[in-house]
Chemist: 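Here it is, the structure, as structure tokens.
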Amino acid sequence: MRTLGKSLIFAQALLVFTGGATARAQTAPSADPTDEPAITQASVPADKRTRDQARDMSRQALELMKKERWAEAESLLSQAYRLVPAPTIALLHARALEKLDKLIEARERYRAVVATQLPKGAPSAFRSALKEAGEELKSLEPEIPRLVLVLAPKPANGTELDITLDGKRVSNEELGQPRFANPGEHLVLAAVQGRVLVENRIRIARGESKEVVLSLAQRPAGVAPERPKPPPIERPSVAAPNHTASFIALGAGAAGLSVGVVAGVIMLDAKSTLDKKCKPLCPAELSSEVSRFRTARAVSTVGYITGAVGLGVGAALLLFNRAGAEPTGGAAVGLWADGQVIGLAGSL
């Protein structure tokens with residue numbers, strides 16, 4: 001990660017705003033009303049009070065940058081840039097974004113500065129900002145990670161896939177093409193009519209290029225997954241009846257019942273959220289809530305079944321021992337799991 005170097009030393013000189021100098025860039029303003037104002041929108045000079053407010057925010061941000069408190073500095077510079085979209089503020093804002101690993105946003109801010117057209121008589125600080133932004137943009141671009149999303153195999157004709165990267169839709173034309181991504185973790189989803197088929201979480205570092213293959217291979221229709229057989233239960237060597245197995249079974253049953261109740265509460269909470277927001281299909285940003293609902297439902301079902309079996313076996317063993325009958329080979333009970341399925345097995 002590059003340091004600010006001499007830029008911090010001379011940054012105070014960049015905090016210059018003049019009432020008669022107006023910066024105007026060649027690129028058109030963004031059509032997205034949520035975007036921050038571009039330098040192109042600074043067509044009317046701000047009044048002195050607004051300029052003073054933006055200058056104070058920028059100076060506070062500069063002090064925070066010296067202390068490497070980048071998030072606080074970025075927030076202040078974003079506000080100052082909204083008040084006065086000057087190239088000097090934009091340059092400092094781009095540096096703060098870069099330090100926060102928001103490289104895509106920093107690149108756009110640098111590009112806005114470079115594209116600025118300065119009028120005659122513009123302050124030298126504005127011209128210095130354009131020069132420094134161009135140099136830092138060249139150094140930044142190779143550090144921005146690239147992602148390539150690939151489908152394998154390609155979906156059948158007529159299948160409408162909804163692919164999103166961090167909640168933003170990826171068009172078919174963008175598949176297979178390198179795209180910028182900020183360093184860190186990203187979530188890629190492929191869904192059909194709101195049903196998620198593929199969920200990939202990937203991590204990418206500065207300067208890295210990575211290909212992400214979305215595998216759409218599924219189990220043939222009508223073929224149920226093979227359930228594993230429970231492992232054999234070792235029988236106790238002591239033939240005399242005792243209550244140990246009964247208490248183990250009852251404990252396992254109580255634990256399973258508790259798990260079922262807790263998971264059931266989580267499932268109902270997730271279902272309530274989905275019922276409110278899925279009309280009729282669930283948006284991509286609710287994929288984690290859908291996953292939470294499904295997981296809680298499965299865990300709740302297994303918990304209730306395990307609880308019922310455990311309590312039933314434990315009660316039967318207690319009644320058997322209380323009746324005075326002698327088991328011929330002892331009683332055995334146990335929990336088992338294979339990573340996907342859990343169960344309780346026992347024998348008398």
Chemist: What distance separates Arg195 CZ from Asp162 CG, expressed to the nearest 0.5 Å?
Modeler: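 The CG atom of Asp162 is 13.5 Å from CZ of Arg195, to the nearest 0.5 Å.
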Chemist: Using 4.0 Å as the upper bound for N to carboxylate O, is an ion pair formed by Glu98 and Arg95?
Modeler: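 Salt bridge: no.
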Chemist: Would Ile89 and Leu97 show up in the same hydrophobic cluster when neighbours are defined by side-chain heavy atoms closer than 4.5 Å?
Modeler: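 In one cluster: no.
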Chemist: Quick one: does Gln177's side chain get under 4.5 Å of Leu149's, heavy atoms only?
Modeler: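 The answer is no; the side chains never approach within 4.5 Å.
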Chemist: Measuring from atom NZ of Lys138 to atom OH of Tyr110, what distance do you get when rounded to the nearest 0.5 angstrom?
Modeler: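 That separation rounds to 14.0 Å.
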Chemist: Would a distance-only check, ignoring hydrogens and angles, find a side-chain to backbone donor-acceptor pair under 3.5 Å from Asn182 to Ile104?
Modeler: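 It does hold such a pair.
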Chemist: Quick check: closest heavy atoms across Pro183 and Arg206, and the distance to 0.1 Å?
Modeler: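 That closest heavy-atom pairing would be CG-CG, 3.6 Å.
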Chemist: What do the steps show when you test Leu130 against Leu118 for side chain to side chain contact (heavy atoms under 4.5 Å, CB included), and what is the final call?
Modeler: CA-CA 9 Å; Leu130 267 63; Leu118 296 178; 4.1 Å; yes
Chemist: Give a yes or no on whether the backbone of Ser171 and the side-chain of Glu174 come within a donor-acceptor separation of less than 3.5 Å.
Modeler: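 Looks like yes, one N/O pair under 3.5 Å.
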Chemist: Could you grab the distance from atom CD of Glu141 to atom CZ of Phe180, nearest 0.5 Å is fine?
Modeler: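 Going from the CD atom of Glu141 to the CZ atom of Phe180 covers 6.0 Å.
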Chemist: Do any N or O atoms from the side chain of Asp166 and from the backbone of His186 form a donor-acceptor pair under 3.5 angstrom?
Modeler: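 Answer holds: no.
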Chemist: Using modelled atom types only, decide if a donor and an acceptor are shared between the side chain of Lys210 and the backbone of Ala205 within a distance under 3.5 Å.
Modeler: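 Looks like no, no N/O pair under 3.5 Å.
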Chemist: Are Glu211 and Val213 packed together at the side-chain level, in the sense that at least one heavy-atom pair is separated by less than 4.5 angstrom?
Modeler: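 With C-beta onward as the side chain, the pair touches.
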Chemist: Among the clusters formed by ILVMFWY side chains lying less than 4.5 Å apart, do Ile202 and Val148 turn up in the same one?
Modeler: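 No; Val148 is not reachable from Ile202 via cluster members.
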Chemist: Are Leu100 and Leu92 connected in the hydrophobic side-chain network, where two residues link if heavy atoms are under 4.5 Å apart?
Modeler: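 Looking at the clustering, Leu92 is in the same group as Leu100.
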Chemist: Could you pull out the closest heavy-atom pair between Ala129 and Leu91, with the gap in Å?
Modeler: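 Shortest heavy-atom separation between Ala129 and Leu91 comes out as CA-CD2, 3.8 Å.
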Chemist: Do you know the tightest heavy-atom contact between Arg127 and Gly121?
Modeler: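 Closest heavy-atom pair between Arg127 and Gly121: NH2-N, 4.5 Å.
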Chemist: Salt-bridged, Asp52 to Arg55, with N to O below 4.0 Å?
Modeler: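 So Asp52 pairs with Arg55 through a salt bridge.
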Chemist: Rounded to the nearest 0.5 Å, what separates atom CG in Asp101 from atom CD in Glu143?
Modeler: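 Reported value, rounded in 0.5 Å steps: 9.5 Å.
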Chemist: Membership question, hydrophobic clusters at under 4.5 Å side-chain separation (ILVMFWY): are Val188 and Ile204 in the same one?
Modeler: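 In one cluster: yes.
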Chemist: Would you check if Ile163 and Leu175 make a side-chain contact, meaning some heavy-atom pair closer than 4.5 Å?
Modeler: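 Touching, per the 4.5 Å side-chain cut-off.
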Chemist: So which atom in Tyr81 and which in Ala86 form the shortest heavy-atom distance, rounded to 0.1 Å?
Modeler: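 Smallest interatomic distance, heavy atoms only, reads CE1-O, 4.0 Å.
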Chemist: Do Leu187 and Val198 sit in one hydrophobic cluster, given that two such residues count as connected whenever their side-chain heavy atoms are within less than 4.5 Å of each other, even indirectly?
Modeler: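 Result: no, two separate clusters.
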Chemist: Kindly check if the number of other-residue, nucleotide or ligand heavy atoms within 6.0 Å of CZ (Arg49) is above 12?
Modeler: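 No, CZ of Arg49 has 12 or fewer neighbouring heavy atoms, counting only those of other groups under 6.0 Å.
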Chemist: Using side-chain heavy atoms (C-beta onward) and a distance below 4.5 Å, is Leu103 in contact with Leu140?
Modeler: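 Leu103 vs Leu140: side chains touch.
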Chemist: With no hydrogens and no angle check, is any side-chain donor or acceptor of Ser78 less than 3.5 Å from a backbone partner on Ser75?
Modeler: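 Side chain of Ser78 to backbone of Ser75, a donor-acceptor pair under 3.5 Å: no, none is there.
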Chemist: Rounded to the nearest 0.5 Å, what separation is found between the CD atom of Gln60 and the CG atom of Leu77?
Modeler: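 Here the interatomic distance stands at 10.5 Å.
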Chemist: Which heavy atom in Val113 sits nearest to a heavy atom in Ala90, and how many Å separate them?
Modeler: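 Smallest heavy-atom distance, with atoms named: CG2-CB, 3.4 Å.
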Chemist: Under the side chain to side chain contact (heavy atoms under 4.5 Å, CB included) criterion, do Leu165 and Leu147 qualify, and how do the steps go?
Modeler: CA-CA 10 Å; Leu165 173 62; Leu147 280 178; 4.3 Å; yes
Chemist: Would you list the pairs meeting salt bridge (Lys or Arg N to Asp or Glu O under 4.0 Å) in which at least one residue belongs to residues 110-125, sequence neighbours left out?
Modeler: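 Checked against salt bridge (Lys or Arg N to Asp or Glu O under 4.0 Å) - neighbours excluded - the pairs reaching residues 110-125 are Glu108-Arg111.
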Chemist: Check the pair Val84, Thr50 against side chain to side chain contact (heavy atoms under 4.5 Å, CB included), reporting the backbone distance first and the verdict last.
Modeler: CA-CA 7 Å; Val84 179; Thr50 303; 4.2 Å; yes
Chemist: Identify the heavy atoms of Ala73 and Met65 that sit nearest to each other, and give their distance.
Modeler: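 Looking at all heavy atoms of both residues, the shortest contact is CB-CG, 3.5 Å.
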Chemist: Scan Lys102, Arg69, His93 and name whichever one has a side-chain hydrogen bond (donor to acceptor under 3.5 Å, both in side chains) with Glu74.
Modeler: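 Of the listed options, the one satisfying the test is His93.
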Chemist: Quick check against the 3.5 Å criterion: does Arg146 have a side-chain atom that pairs as donor or acceptor with the backbone of Ile144?
Modeler: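 Side chain of Arg146 to backbone of Ile144, a donor-acceptor pair under 3.5 Å: yes, one is there.
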Chemist: Between atom CD of Glu63 and atom CD of Glu72, what is the distance when rounded to the nearest 0.5 Å?
Modeler: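 It is 13.0 Å, given to the nearest 0.5 Å.
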Chemist: Side chain to side chain contact (heavy atoms under 4.5 Å, CB included), that's the test. Do Leu83 and Arg51 meet it? Break it down for me.
Modeler: CA-CA 8 Å; Leu83 294 175; Arg51 293 198 305 274; over 6 Å; no
Chemist: Can you tell if the side chain of Val114 reaches within under 4.5 Å of the side chain of Thr116, non-hydrogen atoms only?
Modeler: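 With C-beta onward as the side chain, the pair stays apart.
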